[in-house]
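Step one of this worksheet: look at the structure below.
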Amino acid sequence: MGARNYLITGVSCAGKTTVCDELLRRGHHAIHGDRELAYAGDPETAEPATPSAPGEHIWDVAKVKALVEDDTHQATFFCGGARNTHRFLDLFDGVFVLELDQETLERRLAERPDSDWGGPASDGIAYARLQHETLQGLPDHAISIDATAPLHAVVNTILEGTDLAKR
(Lines give C-alpha, C1' and ligand atoms only; values in the text may rest on other atoms or scores of the structure.)
Protein backbone atom coordinates (compact mmCIF):
# COMPACT_ATOMS: atom_id res chain seq x y z
CA MET A 1 0.00 0.00 0.00
CA GLY A 2 1.27 3.48 -0.83
CA ALA A 3 2.15 6.29 1.53
CA ARG A 4 -0.46 8.33 3.33
CA ASN A 5 -0.26 12.12 3.47
CA TYR A 6 -1.69 14.37 6.15
CA LEU A 7 -1.94 18.13 6.50
CA ILE A 8 -1.62 19.71 9.95
CA THR A 9 -2.65 23.34 9.80
CA GLY A 10 -3.97 26.18 11.93
CA VAL A 11 -3.44 29.85 12.63
CA SER A 12 -0.14 31.37 13.77
CA CYS A 13 0.97 30.10 17.17
CA ALA A 14 -1.43 27.14 17.08
CA GLY A 15 1.59 24.84 17.38
CA LYS A 16 2.22 23.59 13.84
CA THR A 17 6.02 23.84 14.13
CA THR A 18 6.05 22.33 17.61
CA VAL A 19 3.86 19.42 16.49
CA CYS A 20 6.12 18.87 13.46
CA ASP A 21 9.20 18.78 15.70
CA GLU A 22 7.51 16.24 17.98
CA LEU A 23 6.48 14.03 15.05
CA LEU A 24 10.08 14.09 13.82
CA ARG A 25 11.34 13.31 17.33
CA ARG A 26 9.04 10.28 17.40
CA GLY A 27 10.47 9.04 14.10
CA HIS A 28 7.71 10.07 11.71
CA HIS A 29 8.33 11.70 8.34
CA ALA A 30 7.22 15.30 8.70
CA ILE A 31 7.70 18.39 6.56
CA HIS A 32 8.00 21.90 7.99
CA GLY A 33 5.88 23.41 5.22
CA ASP A 34 6.41 26.98 6.33
CA ARG A 35 10.19 26.49 6.14
CA GLU A 36 10.61 24.00 3.29
CA LEU A 37 7.76 24.80 0.90
CA ALA A 38 6.80 28.43 1.48
CA TYR A 39 7.55 31.61 -0.40
CA ALA A 40 5.83 34.95 -0.98
CA GLY A 41 3.66 34.86 -4.07
CA ASP A 42 0.23 35.09 -5.61
CA PRO A 43 -2.11 32.35 -4.26
CA GLU A 44 -3.86 31.95 -7.64
CA THR A 45 -1.04 32.27 -10.18
CA ALA A 46 1.87 31.14 -7.96
CA GLU A 47 3.93 34.01 -9.37
CA PRO A 48 6.65 35.04 -6.90
CA ALA A 49 6.31 38.35 -5.11
CA THR A 50 7.81 41.49 -6.57
CA PRO A 51 8.29 44.97 -5.09
CA SER A 52 5.08 46.08 -6.80
CA ALA A 53 3.18 42.91 -5.81
CA PRO A 54 4.35 41.82 -2.33
CA GLY A 55 2.55 38.48 -2.36
CA GLU A 56 1.22 36.22 0.36
CA HIS A 57 2.54 33.19 2.23
CA ILE A 58 2.04 30.28 -0.19
CA TRP A 59 3.50 26.83 -0.71
CA ASP A 60 5.19 25.54 -3.86
CA VAL A 61 2.49 23.26 -5.28
CA ALA A 62 4.94 21.28 -7.45
CA LYS A 63 7.05 20.48 -4.37
CA VAL A 64 3.95 19.44 -2.41
CA LYS A 65 2.91 17.11 -5.25
CA ALA A 66 6.39 15.59 -5.49
CA LEU A 67 6.47 14.90 -1.76
CA VAL A 68 2.97 13.41 -1.85
CA GLU A 69 4.04 11.06 -4.66
CA ASP A 70 7.02 9.80 -2.63
CA ASP A 71 5.86 6.48 -1.22
CA THR A 72 9.12 5.60 0.55
CA HIS A 73 7.57 6.58 3.90
CA GLN A 74 4.55 4.99 5.52
CA ALA A 75 3.14 8.46 6.07
CA THR A 76 4.14 12.08 5.60
CA PHE A 77 2.85 14.91 7.77
CA PHE A 78 2.84 18.36 6.16
CA CYS A 79 2.83 20.95 8.94
CA GLY A 80 2.06 24.60 8.28
CA GLY A 81 -0.31 26.96 6.62
CA ALA A 82 -0.55 28.62 3.24
CA ARG A 83 -2.90 31.02 1.50
CA ASN A 84 -3.05 28.63 -1.49
CA THR A 85 -4.03 25.46 0.40
CA HIS A 86 -7.03 25.14 -1.90
CA ARG A 87 -4.64 24.33 -4.77
CA PHE A 88 -3.39 21.09 -3.17
CA LEU A 89 -5.85 20.20 -0.40
CA ASP A 90 -7.28 17.26 -2.36
CA LEU A 91 -3.87 15.52 -2.26
CA PHE A 92 -4.15 14.74 1.46
CA ASP A 93 -5.66 11.64 3.02
CA GLY A 94 -6.52 13.62 6.13
CA VAL A 95 -6.49 17.18 7.44
CA PHE A 96 -6.00 18.21 11.06
CA VAL A 97 -6.71 21.75 12.24
CA LEU A 98 -4.97 22.92 15.40
CA GLU A 99 -7.43 25.22 17.16
CA LEU A 100 -6.99 27.51 20.13
CA ASP A 101 -8.96 30.17 21.92
CA GLN A 102 -8.30 33.91 21.60
CA GLU A 103 -6.68 34.17 25.03
CA THR A 104 -4.18 31.40 24.27
CA LEU A 105 -3.47 32.90 20.85
CA GLU A 106 -2.73 36.30 22.35
CA ARG A 107 -0.54 34.80 25.08
CA ARG A 108 1.47 32.70 22.62
CA LEU A 109 1.91 35.63 20.25
CA ALA A 110 3.10 37.84 23.12
CA GLU A 111 5.62 35.16 24.16
CA ARG A 112 6.93 34.76 20.61
CA PRO A 113 10.05 36.81 19.87
CA ASP A 114 9.47 39.60 17.36
CA SER A 115 12.28 38.09 15.28
CA ASP A 116 10.20 34.90 14.85
CA TRP A 117 7.11 36.81 13.87
CA GLY A 118 8.54 39.92 12.25
CA GLY A 119 6.43 42.30 14.31
CA PRO A 120 4.57 42.89 17.55
CA ALA A 121 1.86 40.60 18.92
CA SER A 122 -0.88 42.97 17.73
CA ASP A 123 0.26 42.37 14.14
CA GLY A 124 0.21 38.64 14.84
CA ILE A 125 -3.36 38.74 16.08
CA ALA A 126 -4.48 40.61 12.96
CA TYR A 127 -2.66 38.09 10.76
CA ALA A 128 -4.10 35.14 12.69
CA ARG A 129 -7.60 36.48 12.06
CA LEU A 130 -6.76 36.68 8.36
CA GLN A 131 -5.43 33.11 8.47
CA HIS A 132 -8.67 31.96 10.08
CA GLU A 133 -10.47 33.05 6.91
CA THR A 134 -8.23 30.71 4.91
CA LEU A 135 -9.17 27.81 7.17
CA GLN A 136 -12.82 28.33 6.25
CA GLY A 137 -12.18 26.39 3.01
CA LEU A 138 -10.99 23.21 4.67
CA PRO A 139 -12.94 20.02 3.97
CA ASP A 140 -15.86 19.00 6.16
CA HIS A 141 -13.94 15.92 7.26
CA ALA A 142 -11.04 17.97 8.69
CA ILE A 143 -10.37 16.91 12.26
CA SER A 144 -10.29 19.68 14.84
CA ILE A 145 -7.55 19.30 17.45
CA ASP A 146 -7.48 21.20 20.76
CA ALA A 147 -4.06 22.86 20.48
CA THR A 148 -4.25 24.04 24.10
CA ALA A 149 -3.77 20.45 25.32
CA PRO A 150 -0.28 19.23 26.27
CA LEU A 151 1.94 18.51 23.26
CA HIS A 152 2.03 14.74 23.77
CA ALA A 153 -1.79 14.66 23.83
CA VAL A 154 -2.07 16.80 20.69
CA VAL A 155 0.31 14.55 18.76
CA ASN A 156 -1.31 11.36 20.09
CA THR A 157 -4.72 12.63 18.97
CA ILE A 158 -3.36 13.35 15.50
CA LEU A 159 -1.78 9.90 15.23
CA GLU A 160 -5.03 8.28 16.43
CA GLY A 161 -6.82 10.13 13.64
CA THR A 162 -4.68 8.49 10.96
CA ASP A 163 -4.91 4.96 9.65
CA LEU A 164 -1.31 4.20 10.67
CA ALA A 165 -2.43 1.98 13.55
CA LYS A 166 -4.55 -0.09 11.16
CA ARG A 167 -1.61 -1.06 8.96
Side-chain angles (χ1 to χ4, degrees), residues 4-26 28-41 43 55-61 63-65 67-68 75-164:
R4 306 294 283 177
N5 296 282
Y6 301 96
L7 175 64
I8 300 170
T9 193
V11 299
S12 292
C13 291
K16 302 175 300 289
T17 298
T18 303
V19 165
C20 192
D21 290 342
E22 179 64 12
L23 286 165
L24 289 166
R25 189 192 70 75
R26 293 187 188 192
H28 296 282
H29 187 244
I31 307 293
H32 282 285
D34 293 338
R35 295 178 185 164
E36 300 173 42
L37 303 171
Y39 66 98
E56 298 183 50
H57 182 85
I58 63 174
W59 285 5
D60 183 321
V61 176
K63 286 183 182 178
V64 173
K65 287 180 179 178
L67 289 164
V68 164
T76 299
F77 295 91
F78 292 75
C79 305
R83 298 288 292 166
N84 65 335
T85 304
H86 64 282
R87 300 192 54 91
F88 51 82
L89 194 57
D90 62 327
L91 301 174
F92 296 105
D93 298 295
V95 178
F96 299 91
V97 181
L98 302 178
E99 296 191 357
L100 66 168
D101 56 83
Q102 187 71 22
E103 181 181 329
T104 303
L105 170 64
E106 290 180 21
R107 180 180 46 77
R108 288 182 181 178
L109 282 166
E111 293 170 352
R112 194 175 195 172
D114 287 350
S115 59
D116 281 357
W117 173 249
S122 59
D123 289 349
I125 293 167
Y127 185 69
R129 288 182 182 138
L130 177 65
Q131 285 179 308
H132 189 266
E133 293 173 18
T134 302
L135 299 179
Q136 300 291 330
L138 292 177
D140 293 337
H141 65 275
I143 298 171
S144 177
I145 304 291
D146 177 5
T148 64
L151 178 61
H152 72 277
V154 170
V155 173
N156 287 346
T157 302
I158 290 169
L159 293 173
E160 290 166 6
T162 69
D163 67 350
L164 296 177

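Index from 1, following the sequence.
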Tell me the closest heavy-atom pair linking A142 and V97, and the distance in Å. CB-CG2, 4.1 Å
Looking only at heavy atoms, what is the nearest atom pair of H29 and A75, with distance? CB-O, 3.4 Å
In Å and rounded to the nearest 0.5 Å, what is the CD to CG distance from E160 to N156? 6.0 Å
Looking at V155, I31, L23, which hits side-chain contact (heavy atoms from CB on, under 4.5 Å) with I8? L23
Is the shortest heavy-atom distance from the side chain of V64 to the side chain of F92 under 4.5 Å? yes
With respect to L98, which candidate in I158, T18, D146, V11 satisfies the side-chain contact (heavy atoms from CB on, under 4.5 Å) definition? I158
Note, F88 side chain near V68 side chain (heavy atom, < 4.5 Å): no
To the nearest 0.5 Å, what is the distance between NE2 on H141 and CG on D93? 8.5 Å
Should the ring pair W59 and F78 be called parallel, tilted or perpendicular, given that the plane angle runs from 0 to 90° and is split at 30 and 60? tilted
A147 versus A14, closest heavy-atom pair with distance: CB-O, 3.2 Å
Applying side chain to side chain contact (heavy atoms under 4.5 Å, CB included), run through L89 and L7 and close with a yes or a no. CA-CA 8 Å; L89 194 57; L7 175 64; 3.8 Å; yes
My understanding is that only one of I143, V154, T9, T157 makes a side-chain contact (heavy atoms from CB on, under 4.5 Å) with F96; could you say which? I143
Between atom CG of L37 and atom NE2 of H32, what is the distance when rounded to the nearest 0.5 Å? 11.0 Å
Close side-chain approach of H86 and N84, heavy atoms under 4.5 Å: yes
Rounded to the nearest 0.5 angstrom, the OG1-OH distance for T76 and Y6 is 10.0 Å
Between H57 (side chain only) and A38 (backbone N and O only), is there a donor and an acceptor less than 3.5 Å apart? no
Using every non-hydrogen atom in the two residues, find where T104 and D101 come nearest and quote the distance to one decimal. N-OD1, 2.8 Å
Could you tell me the separation between the NZ atom of K16 and the CG atom of D34, rounded to the nearest 0.5 Å? 6.0 Å
What's the shortest heavy-atom distance between E56 and R83, and which atoms? OE1-NE, 2.7 Å
With rounding to the nearest 0.5 Å, note down the distance linking NE2 in H28 to CG in L159. 4.5 Å
Answer yes or no: is there an ion pair linking R26 with E22, defined by an N-O contact shorter than 4.0 Å? yes
